[in-house]
Amino acid sequence: MSAPCEPRATAPASAPPSLPPLPPEPSATATAPAARRPALDWRIRFAGLSLIWGFSFLLIKVGTEGYAPFQVTFGRLLAGTAVLVAAMAMRRERLPRSARTWGHLTVAALLLNALPFSLFSYAELTIPSTLAGICNATSPLWGMALSVVALSEDRPTRRRVAGLGVGFLGVLTVLGAWQGFSGLDLPGTAMALLASFCYPVGWIYVRRTLAGTGSSTLALTGSQLCLATVQLAVVTPLFTSAPTSFPLLPTLSVLALGALGTGLAVLLQYGLVQEVGPTTAQMVTYFIPVIATAAGVALLGEQLSWNTPVGALVVLVGAALTQSRPRRAATTPAPAPAPAPAPEGSPPAAPAQGSSPVEAAGRGPRPPQP
């Protein structure tokens, strides 16, 4: 669970983690010096990230058994911010200096952290963690729907529009629409779906407002989480009273939810993107609902009817289709004459038509935001 922010235009990093647009796939012809190989193989870190985000919904459920939803959200943000602040201190990262950047980060913190995290916490008061995990998997579908409505530069293809239809058919299957949603807590389910809708809205906002800020991804992400923590610090006392006790299991769940799912997971996600590229790193999205469902059934004893796993599979198929891109024809263009050097002080060349500044800096899918 993360907090997306834009990297500087010259250094590629998006989840969500709320995270920035991911960098392009590593090029085999890149001439940059090779980075030091991480101690753990990327497959182990990929599995760890899948488990962390998959278990997040179980941790939310356990946390709400001892604390109010706003308290769960505040605790996880506080713990997650502590992890990122420690990482920023170790790397000697500088905070953004522009007041405009801080203003945009405040909005991003609301859309990508404070609001969806709180909605998921309130939703799990009345719905099982398995359903919350499946609702989270609808984020790519909402993003595709927004791209159709907003007519963004990322124009939908027929395959992606078909994926949107397939995905929402899966949602109706999970919810048991043919039964008139019998036995389903509609307010709780609506809050979980609204939380998932917040992520693509926040990603669009980040992409359009925080490109080329000059700050590193880690600095922006840490600042965003800090702002979200401040927002919850203001809101929580207004709607809840101070806890009279600190039950062990809910307390440990909230701390793990923040330190692992909202802090460490962000660092793992960016490390994977830099090593294996966004396409492979994004595959974690499809493991989250599976792990969330297995954890809820095995550890919390939640009931599972046939339509839940079947609908979840349909949702994931639809989400995969919405993330597909058309293959480019392999052509061998004739060598073009070298361009004349630009006069000193002239502006850089404009990105290709239809590309946003952020896409010019680095295209890629957004990471999941449990």
Side-chain angles (χ1 to χ4, degrees), residues 1-2 15 17 40 43-67 69 72-73 75-76 79-80 116-117 119-139 170-171 173-176 179 182-185 188-189 191-193 195-196 247-265 268-269 283-317 319-320 367-370:
M1 304 166 79
S2 54
L40 287 177
R43 298 170 186 83
I44 298 176
R45 286 177 284 129
F46 182 95
L49 181 61
S50 301
L51 288 172
I52 289 173
W53 273 339
F55 270 85
S56 293
F57 300 96
L58 179 146
L59 294 175
I60 293 173
K61 190 73 171 181
V62 176
T64 55
E65 293 176 357
Y67 298 101
V72 172
T73 303
R76 72 180 287 190
F117 290 0
L119 286 170
F120 271 125
S121 295
Y122 270 102
E124 291 201 42
L125 290 176
T126 55
I127 68 172
S129 64
T130 55
L131 180 56
I134 294 171
C135 288
N136 179 77
T138 63
S139 282
V171 172
T173 304
V174 170
L175 302 182
Q179 307 175 50
S182 176
L184 184 71
D185 184 82
T189 304
M191 283 190 285
L193 291 173
S196 302
L248 180 60
L249 196 55
T251 301
L252 292 177
S253 296
V254 172
L255 291 176
L257 181 64
L260 299 179
T262 313
L264 177 61
L268 286 175
Q269 174 74 11
M283 293 301 294
V284 71
T285 304
Y286 306 109
F287 291 89
I288 292 173
V290 176
I291 295 173
T293 299
V297 172
L299 300 179
L300 297 180
E302 295 177 347
Q303 299 298 315
L304 195 66
S305 57
W306 69 267
N307 59 297
T308 302
V310 170
L313 179 61
V314 176
V315 167
L316 293 179
V317 170
Q369 307 284 331

Nearest-0.5 Å distance that lies between atom [atom1] in [X] and atom [atom2] in [Y]:
| X | Y | atom1 | atom2 | answer |
| --- | --- | --- | --- | --- |
| M191 | S121 | CE | OG | 10.0 Å |
| L51 | L260 | CG | CG | 11.0 Å |
| L249 | E65 | CG | CD | 7.5 Å |
| S253 | F55 | OG | CZ | 11.5 Å |
| L125 | F120 | CG | CZ | 13.5 Å |
| I288 | S139 | CD1 | OG | 9.5 Å |

Between [Y] and [X], is there a side-chain heavy-atom distance shorter than 4.5 Å?
| X | Y | result |
| --- | --- | --- |
| S129 | I60 | no |
| Y122 | T64 | no |
| T173 | V315 | no |
| L268 | I52 | yes |
| P128 | L300 | no |
| L252 | L59 | no |
| S50 | I291 | yes |
| L316 | P289 | yes |

Heavy-atom closest contact ([X] atom, [Y] atom, distance):
| X | Y | value |
| --- | --- | --- |
| A137 | A319 | O-CB, 4.3 Å |
| A312 | V174 | N-CG2, 3.5 Å |
| L255 | A79 | O-CB, 4.0 Å |

Main-chain N/O of [Y] paired to [X] side chain as donor or acceptor, under 3.5 Å:
| X | Y | answer |
| --- | --- | --- |
| D185 | I127 | no |
| T138 | I134 | no |
| E302 | T130 | yes |

Has F287 got more than 12 heavy atoms of other residues, nucleotides or ligands less than 6.0 Å from its CZ?
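Result for CZ/F287: open.
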
Contacts of type side chain to side chain donor-acceptor pair (under 3.5 Å), residue T308, not counting sequence neighbours:
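Partners of T308 under the side chain to side chain donor-acceptor pair (under 3.5 Å) test: none.
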
